[in-house]
Amino acid sequence: MKRRDFLRLLGLGGIVFSTSATGLILNACNDSNESGSGSMAYDPRSEEGFVNMLKIPGEDGLYGFLEPEVPFEMKPRQMDAEILPGMQTKSYLYEAQHQGKTFYNPIIKIRKDDALDITLVNQLDEITIIHWHGLEVAHEDDGHPNNAVGPGASYNYNFSVPNRGGTYWYHPHPDKLVGEQSYFGLGSFFIVEDDENIALKDALDLELGVNDIPLIIQDRNFNDQGQLVFETNPMLQTLGVLGDTILVNKTVKPYLDVDTRIYRFRILNASNSRIYKLSLDKNGTKIPFLIVGNDGGLLDKPYEATEFFIDIAERVEILIDFRGHEVGDDIYLKSGFFDPMDPLVDNMEYNRPNTLLNGDEFYVMKFNVKNQRNYNLRVPETLSIINPIDTTGADERMITLPNPIEGVWFINNFRFEPNEVPLTVNRNTIETWRIENAPLAMPHPMHIHAFQFQVLERINSPDQVSKLAIDSSGRLPTDMGWKDTVMVWPGEIVRYAINFSTDYAGDQLYLFHCHILEHEDQGMMINYKVV
Ligand code: C2O
Ligand code: CU
Ligand code: CU
């Protein structure tokens, strides 16, 4: 049976859903027919027009590096931001003041084991809470939706950072509102430094914000007035919200001038529902680079690659060596064509407002090779020691991601209920999890709070995935090391090992969910408890 026919049987052909779109534009009138039209001036399928300087994190302001020395407040609020040149876009940003500087969506930068004291002060007109994605913190510091606070209210976080060095991030996590609050702009990086990261920095003479650059990639829809249009309806909750405009660090069609040396890029896919298959393109040729890190920090060693998938919430760190190129060369970061294995493309009856679908080919940003430099440093052969989790005698837990039932997604037989706990694990035990995705579903980026895991194997991967595998277990370079989010394709099984050792006293309530924000908001999320 073809995917299309199967999906019709499931009712994805528009029977179960009302397809009338409801648009949400902050402080503007609902005019959902306009979505996308304002975006076409910045069509990412054209390699022309990459003339906007990438917003690079600096000492303060938008995405400034904030190194916590004293307690500070994070105030999510509505404000205007210039995203499209010459236009003010109503956005949500986290505002923070720290030692005389003002930040918006600060990149928090901290040493492993250092402590911080952050108070969320909610200045939105709806509930919110901050989740520190990937951090191994106690339940009360994890930003569980049950801890969301209303307008004007506060929530204090007080913890020290137990994680390895790496590129983590933070974003809102209120029940059913993650998609909307993220779409309008909330979220940023949380960078942890440790000895291994300092060793790499020293070996390559890297400097954060100069040649070690965080890149947050997102897709959005703008109307003609430059306002974000967030459309939602039951159908879009199932398929996910896509945007026709691609942003990097809230810059549309960005460029970065580079020297002929090695750069480190810390890439985060913070889109609501878009998967990217990233590569570097110079005149139609793919240029190799090194994958050195992912969700939980550095890998054991660099892995050479020419492309990789990055799903929502995943981080991939790459090193690009611009020494092989000439001043004047243009190199593009590109998202290549792939089969999205997504009911959407099989479901043409539903007339989606977007023109840029998952799996379409487009340009993300441009590197202009600008300055010749003397640079003779070499990438170390070893980056880190990854000790494999010992799974001898570990129990295997089965997780099933079924096809949507009456148009909604489930984990096993469950959807999110704030006070239900469908899954309990014993503290200080090691488990293996076997996540099996239905053959006619969608790719789901499955994320667990509070513990990093190790991917053991991929079984029955689609060809476009298995051809990127680097070992007999079907693992990809981006599966090595430590992970908190893993993409599970339709028909695929992913097994991982996870060690539930914890020092936090008492039962710990955390979440396991799909990180497509619309799926998460729809309830493809469950509580789990460590007892
Ligand atoms: Cu970024 Cu509950 O997740
Ligand atoms: Cu998380
Ligand atoms: Cu999903």
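Start at 1 with the first residue, then count along the sequence. In listed order, ligands and their atoms are each counted from 1.
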**Asked** Does any N or O in the side chain of Asp295 come within less than 3.5 Å of the main-chain N or O of Asp484, such that one atom is a donor and the other an acceptor?
**Response** yes
**Check: Asp479 side chain, Leu476 main-chain N or O, donor-acceptor pair, under 3.5 Å** = yes
**Request:** For the Cu ion (ligand 2), report each protein N, O or S atom nearer than 2.8 Å, sorted by chain and then by residue number.
**Result:** His131 NE2, His447 NE2
**Message:** A side-chain contact here means heavy atoms from C-beta on lying under 4.5 Å apart; do Ile108 and Phe72 qualify?
**Reply:** yes
**Asked** His513: which N/O/S atom is nearest atom 2 (Cu) of ligand 1?
**Response** NE2
**Request:** Starting from atom 2 (Cu) of ligand 1, look over the N/O/S atoms of His173 and name the nearest one.
**Result:** NE2
**Request:** Indicate yes or no for a side-chain donor-acceptor contact from Thr251 to the backbone of Val248 under 3.5 Å, with no hydrogens or angles considered.
**Result:** yes
**Prompt:** Under 3.5 Å, is there a donor-acceptor pair between the Glu314 and Thr485 side chains?
**Reply:** no
**Prompt:** At the Cu ion (ligand 3), what's the angle from His444 ND1 to His519 ND1, rounded to 10 degrees?
**Reply:** 110°
**Heavy-atom pair with the smallest gap, counting every atom of Glu417 and Asn527** = O-ND2, 3.4 Å
**Prompt:** How is the N/O/S atom of His449 that comes nearest to atom 2 (Cu) of ligand 1 named?
**Reply:** NE2
**Asked** Can the ring centres of Phe338 and Phe309 be said to be less than 6.0 Å apart?
**Response** yes
**Message:** For the backbone of Val149 and the side chain of Asn122, can you confirm whether one donor and one acceptor N or O come within less than 3.5 Å of each other?
**Reply:** yes
